[in-house]
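Below is one structure, written out as structure tokens, with a few remarks after it.
Whatever order the structure lists ligands and atoms in, that order sets their numbers, starting from 1.
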Amino acid sequence: MIKPDALFDTQVKRIHEYKRQLLNVLHVIHLYDLIRRGDANNWVPRVVIFGGKAAPGYQMAKRIIKLINNVARVVNEDPLVGDLLKVVFIPNYRVTAMEIICPGTDLSEQISTAGKEASGTGNMKFMLNGALTIGTLDGANIEIREEVGEENFFLFGLTADEVEAQKSDYDPVAIIRGNQDFSRVMGLLEAGCFNVGEPGLFDPIIEAIKGAFDPWMTAADFVAYITAQKAVSKAFKDEEAWTRMSILNTAAAGKFSSDRTIEEYNRDIWRLTPVAPLKA
Ligand SMILES: *Cc1c(COP(=O)(O)O)cnc(C)c1O
């Protein structure tokens, strides 16, 4: 059962490594770990919703979908967790599904590796519908944050320049070793807690996170992401302040109108002469 007053935390979009559904799953495992170790004082109940399709030949993306579903089964069936945390994978994500998901969402996950998302449009749809965004400085997140104000946006993670600069001496194993929460999350994954009876299933995912050449730098942003998520939970407890931020998001979404976008495109790129519609 899902509590309607829980924080509805949503990531719906095509499944791709650069969009980092994996980072979101690692946070879910961290929340699960906190509950299991009895560290759930002042807990804000969350429903973490995933949705999205992977291209047919994209093995790693398919495997990430499998991980989300396996983590969901473990978390949702654990009596110790109860209503504190629920994980949902919505099958067949499409516009018809988004029409329901979007207005029901409290927190919009826009957590791509900085420099990889050209713009995104899901981020705009959620903003217009009153969700708050947790996100990186990537694509239209940058403009969303400018419009709504930094105090109404949960920013985390490396900038595109920092991603490039850190590539040469990226050491995810050292990052994991340097943080207890991260070590515990990787420990649960490596112990096979989410693939009982399916040995080795998530080894390629573990290797991708620990690989020095991970282009998506999931490990690099883990600690900052967990910290930003903590701030989200804290903010959600103040219903009046959260509602104010939600309304400000809707109110500041005007820039993302298609009229403005197309007018600008025409001015800068197409340079076409507008034609008045034919009179009936
Ligand atoms: C908006 C939308 C997208 C694009 O989402 P992004 O977060 O911008 O990648 C993809 N699929 C559907 C069904 C959508 O409604």
Side-chain angles (χ1 to χ4, degrees), residues 7-28 47-58 60-65 67-69 87-148 152-160 163 215-218 221 225 228-229 232 246 249-250 252-262 264-265:
L7 197 172
F8 278 36
D9 171 348
T10 306
Q11 186 173 24
V12 288
K13 46 182 76 245
R14 295 300 295 237
I15 311 294
H16 200 291
E17 287 164 283
Y18 88 80
K19 289 176 181 287
R20 294 200 297 194
Q21 282 89 359
L22 192 49
L23 183 58
N24 193 342
V25 182
L26 294 179
H27 174 245
V28 170
V47 179
V48 184
I49 299 165
F50 293 87
K53 294 172 183 176
Y58 192 169
M60 184 58 89
K62 297 282 187 192
R63 208 177 288 270
I64 291 167
I65 294 175
L67 175 62
I68 295 167
N69 279 275
V87 185
V88 179
F89 187 87
I90 297 173
N92 198 15
Y93 173 59
R94 58 203 195 282
V95 169
T96 317
M98 183 54 153
E99 287 170 3
I100 297 166
I101 296 162
C102 191
T105 289
D106 297 303
L107 183 68
S108 159
E109 297 274 351
Q110 306 300 336
I111 61 176
S112 49
T113 312
K116 303 297 178 195
E117 188 77 80
S119 161
T121 54
N123 48 5
M124 301 170 191
K125 290 177 248 175
F126 280 115
M127 179 201 200
L128 182 63
N129 281 276
L132 273 62
T133 304
I134 184 165
T136 48
L137 278 180
D138 200 22
N141 293 354
I142 297 169
E143 290 152 286
I144 286 173
R145 181 164 166 269
E146 269 169 25
E147 292 299 306
V148 77
N152 302 308
F153 186 105
F154 297 97
L155 178 72
F156 75 95
L158 299 178
T159 64
V163 165
W216 324 114
M217 300 195 117
T218 304
D221 279 341
Y225 181 54
Q229 287 285 20
V232 168
S246 165
N249 266 271
T250 304
K255 175 164 184 192
F256 305 104
S257 123
S258 51
D259 284 353
R260 194 275 306 158
T261 307
I262 289 171
E264 217 165 87
Y265 251 87

| message | Would you say that T133 contacts F154 through its side chain, given a criterion of any heavy-atom pair below 4.5 Å between the two side chains? | response | no

| field | Euclidean distance, L23 CG relative to I111 CD1, rounded to 0.5 Å | value | 4.5 Å

| field | Residues which pass salt bridge (charged side-chain N to carboxylate O under 4.0 Å, His left out) with K255, listed by chain and number, not counting sequence neighbours | value | E143

| Just wondering, do Q110 and T136 contact through their side chains at under 4.5 Å, heavy atoms? | no

| Sequence neighbours excluded - salt bridge (charged side-chain N to carboxylate O under 4.0 Å, His left out) pairs with any residue from residues 110-133 | K19-E117

| Listed partners of F156 passing ring-ring contact (aromatic ring centres under 6.0 Å, His included), at least two apart | Y225

| field | Protein residues having a heavy atom less than 4.0 Å from any atom of ligand 1 | value | K13, K19, Y93, R94, V95, M98, G120, T121, G122, K125

